[in-house]
Amino acid sequence: MASKSKNKGVSPSRQEDFPAWFQAVVREGEVAELAHVRGSMVIRPWGYAIWELMQAELDRQIKRSGASNAYFPLFIPLSYIESEAEHVEGFAKEMAVVTHHRLEEDPENPGHLRPGGKLAEPLIVRPTSETIIGRSFAKWINSYRDLPLMVNQWANVVRWEMRPRVLLRTTEFLWQEGHTAFATESEARANAEQMLEVYRDFAESFLAMPVLTGEKPEEERFPGAVVTLSIEAMMQDGKALQAGTSHYLGQSFAEAAEINFLDREGERSLVHTASWGVSTRLLGALIMSHSDDIGLRLPPTVAPQQVVIVPIPRGEEGPAVLEAAEELAREIGGLSFEGIPIRVSADLRDREPPDKRWEWTRKGVPLVLELGPRDLKEGVVALRQRDIGDAKPESLERDKLGSAIPSLLAEIQASYHDAAEDRLEARTRLDVSGPDEFREFFDTDPSDASAGGFLRAPWSEAPESAQLLDEMKVTVRCLPFDQKLAPDSRCVLTGKPAVTEAVFAKAY
RNA sequence: CGGGGAGUGGCGCAGUCUGGUAGCGCACUCGGCUGGGGGCCGAGCGGUCGCAGGUUCAAAUCCUGUCUCCCCGACCA
C-alpha cells in the first residue's frame, strides 16, 4: 500500500486525537481488542505476555510482603454484599447478577433457549472480593495467634460499566487483590501503606512510570474504606490515571462478616482489615506513558521480546544469513539484563524483512537487529533502538554485542523512565493562585495533547469546590503524602482557609 | 436509562435516497519479477448483505418488528 509507506506509524497521531491514537496503538501493537461482547476485551498473546511479566514481578513482591496466594469464588451471594452498607451503595449500580441456573427450550420462541431454574438467592459476579473473603477470614481467625492473615488472589472481576474503553475500563478485567487482617488499626494502616509503596516502586522501576502517591479525598474513596491510598500516573496527554490502590478498611468489613478473635487478654475483638490491588489497566497506563506515533514502546523489563533479529536473506547467501541469525539469537540469549536471561528471538518467518521489522517496531520491541549478507561479511549487525524512534540503523560490530546489548537495554529503560518523569515534573503546576487561573489551566482544547496536566495547590475540602470541579471535569487525584502546605494558605478554588494540599487533574 | 450512529467476504468500507440478484481497498492463496525503510505485476479463494416477517415478477435497497455493536451523557480500577 503506497500510502502506508509514506505514513509511518499509527494514525491518528497523539497530537491529532489522543484517545484514538491509544486505540490504534493497542490494536496495531496486538495488545488487546474489544470482543463482540459488550464492554469485554480479548487480551492478545503479545499483550498477555506483557501482563504475565508484570504479574511475575508483582507476585514476587507480594509474597515478599508476607501474603500468600489463594483463590475465592467468582459468585458471591447477594446477602454477603448486602452486609456492608457503603459497599453496596458503591457497587450496586454495576453488578452482574446471576438469577438462573439452567437453560430450557422457549415455548414461545421455538429453536431458542430461555433461562430456567430460578435461584432462591441471586448470586452476583464479584466486582471485588472483600465480602466473600471476609467469610473465610471469619472461619480461619479465632485467636490473636491467627493474625496477621494476608492473602492475595489473581482473578477476574466484573463491573458493569456504562462506558467501556479497552484496557482502561472494561466490564471484565484481570487483577490482583490482596486482603489482609490484623489485630490492630496501626498494623492494618501500615499494611496499606506498605503495599502502596510496593506498587509505587513497581510502577517506577519496572514500568518506568513515576507516580504520585497520596490519599484519596473522601469522595474518591473505595466504598466502605476508611482510607484509600493510590498511585497516580500522568499520561502523555496530561491526564491522570490511577494505577494502583490500597485501602485501610477499618472494622466495617470485619463487623459485616463477623471476623473476630480472642486477644491476649481473652477479650473478643474485631480485626482491622486492608485490601490492595492493581489491574490490567496497568497495560493501558504503560502504553499511554511510553508509546509514540509509530506505535508501542515497551520498557525492556516488560518486553516479551527484548531483542528480535530480522535476517535479510538475500541471494545465494540466504541460508547462511538465516543460520547466522539463529546463532546470533543463541549468543544474545546467553546474556542477561537485570539478572534475567535476555528474551531474544530470530524472526525466521517467510515474510518480507521490512514487514517483519515494522511489526516488531509497532509492538514495541526495544532492540531490533538486522542481519544481511553484507553485515555477515563485515562482521557487524544493523541496530535499531526503539527509544530513538525512526532513526537510521547503527552498525555495530558483532563481537561488541555482548557488552553493548545489556547496556543498551538499560539505557532504553532509563530513557523511558526519564521522559515520563520529566513530563510529570514539567506539567505539574505549583503556582496557580486562584480559581480563574485554575480554570484556565484546565480549559484546554481536548485535541491538544500537550496542554493541561497536574495542578498542585492548597485546598479547603469545602463542599462548594466539588461543584466547581464537576463543571470543569476536574477531580482531586490525591492529597499527596509529601504535604507542602504553607501556614495560612488559602484554598485555590474557594479562597477559604486550606486544610490540605491537593493534586487536581482530569482523569481516566 | 436518555440522545445520536452503524450492522454488506477475515478487517475497513461503497452500494440503500431512485428495487433488477453484490463491489472496492487491505489481508489471504498461487505464479513471476524483486530485494538493506511498510515491494511490483498477474491470476485466484472468500459474502444466503445482523435476524424475523411483510410488499413485489424481483429486496442489501421499501415497510414492520427485533437483536447487537459504536459514539455522547450519569458511574468507575
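These values consider heavy atoms only, across backbone and side chains, with no hydrogens, waters or symmetry-generated copies. A quick note: this is a predicted structure, and the numbers were derived from the prediction, not measured. We name chains A, B, ... by the order of the sequence lines, and we start the count at 1 in each one.
- Of the candidates B/G37, B/G35, B/A77, B/G37 carries the atom nearest the A/P393 side chain, counting heavy atoms from C-beta on.
- Remark: the separation of the C1' atoms in B/C71 and B/U55 is 34 Å, to the nearest Å.
- Atom P of nucleotide B/G37 and atom NZ of A/K392 are separated by 10 Å, given to the nearest angstrom.
- Using modelled atom types and a 3.5 Å distance limit, the side chains of A/S129 and A/E177 yield a donor-acceptor pair.
- Across B/G38, B/C70, B/A77, the shortest atom-to-atom separation from the side chain of A/W358 is found for B/G38.
- In this structure, A/Q242 atom CD and B/C75 atom P are separated by 16 Å, rounded to whole Å.
- When each of B/C76, B/G38, B/G36 is scored by its nearest atom to the side-chain atoms of A/P354, the top-ranked nucleotide is B/G38.
- No donor-acceptor contact under 3.5 angstrom links the side chains of A/E220 and A/T475, judged on distance only.
- Across all strands shown, B/G10 forms a Watson-Crick or G-U wobble pair with B/C26, both key distances being under 3.5 Å.
- Spacing of C1' atoms, B/A43 relative to B/G35, comes out at 23 Å, to the nearest Å.
- Within the nucleic acid shown, A/T170 comes within 4.0 Å of at least one base atom, counting heavy atoms only.
- When the P atom is used for both B/C63 and B/U16, the distance is 14 Å, rounded to whole Å.
- Computed from coordinates, the A/E30 CD to B/G10 P distance equals 19 Å when rounded to whole Å.
- Across all strands shown, A/L168 has heavy atoms under 4.0 Å from base atoms, whether or not it also approaches the sugar-phosphate.
- Between B/C51 and B/U56, the two P atoms lie 23 Å apart (nearest whole Å).
- Using P as the reference atom, B/A22 and B/G3 are 39 Å apart when rounded to the nearest Å.
- Counted by atom type alone, A/H247 and A/T228 present one or more donor-acceptor pairs between their side chains at under 3.5 Å.
- Of the C1' atoms belonging to B/G15 and B/C1, the separation is 35 Å, rounded to the nearest Å.
- When every heavy atom of A/T273 is checked against every heavy atom of A/Y248, the shortest pair comes out as O-CD1, 3.7 Å.
- The side chain of A/S279 has B/A77 as its nearest neighbour among B/A77, B/G36, B/G38.
- A/A243 comes within contact range of no nucleotide atom at all, as no heavy-atom separation falls under 4.0 Å.
- A gap of 12 Å separates the P atoms of B/A6 and B/C62, to the nearest Å.
- Counting non-hydrogen atoms under 4.0 angstrom, A/K473 reaches the backbone sugars and phosphates but no base.
- Atom P of nucleotide B/C1 and atom CH2 of A/W160 are separated by 13 Å, given to the nearest angstrom.
- Atom CH2 in A/W51 sits about 16 Å away from atom P in B/A77, given to the nearest Å.
- In this structure, B/G38 makes no Watson-Crick or G-U wobble pair, since no nucleotide meets both defining distances under 3.5 angstrom.
- Both A/P373 and A/T280 sit near RNA chain B, but only A/P373 has its closest nucleotide nearer the 5' end.
- Checked by atom type, the side-chain pair A/E86/A/S252 shows no donor-acceptor distance below 3.5 Å.
- A/K216 and A/E232 are joined by a salt bridge, as a carboxylate oxygen and a charged side-chain nitrogen come within less than 4.0 angstrom of each other.
- B/A58 and B/G20 are spaced 14 Å apart, taking the P atom of each and rounding to whole Å.
- Side-chain to base pairing of A/R169 with B/C76: one donor and one acceptor N or O lie within less than 3.5 Å of each other.
- Contacts of A/E161 with the nucleic acid, taken as non-hydrogen atoms under 4.0 Å apart, include base atoms.
- Counting to the nearest Å, the P atom of B/G4 and the CZ atom of A/R163 are 17 Å from each other.
- For B/G36, the base has no donor-acceptor partner in the side chain of A/R384 [N/O atoms by modelled type, under 3.5 angstrom].
- Between A/N69 and A/K63 the shortest side-chain heavy-atom distance falls below 4.5 Å.
- A/F173 comes within 4.0 angstrom of a base, heavy atoms only.
- B/C69 is paired with B/G5 under the criterion used here, namely a Watson-Crick or G-U wobble arrangement in which both key atom distances are under 3.5 Å.
- Rounding to whole angstrom units, CG of residue A/L369 and P of B/G36 are separated by 19 Å.
- Figure legend. B/C62 is base-paired to B/G54; pairs are counted as Watson-Crick or G-U wobble with both atom distances under 3.5 Å.
- Between the CE atom of A/M54 and the P atom of B/A77 there is a distance of 19 Å, given to the nearest Å.
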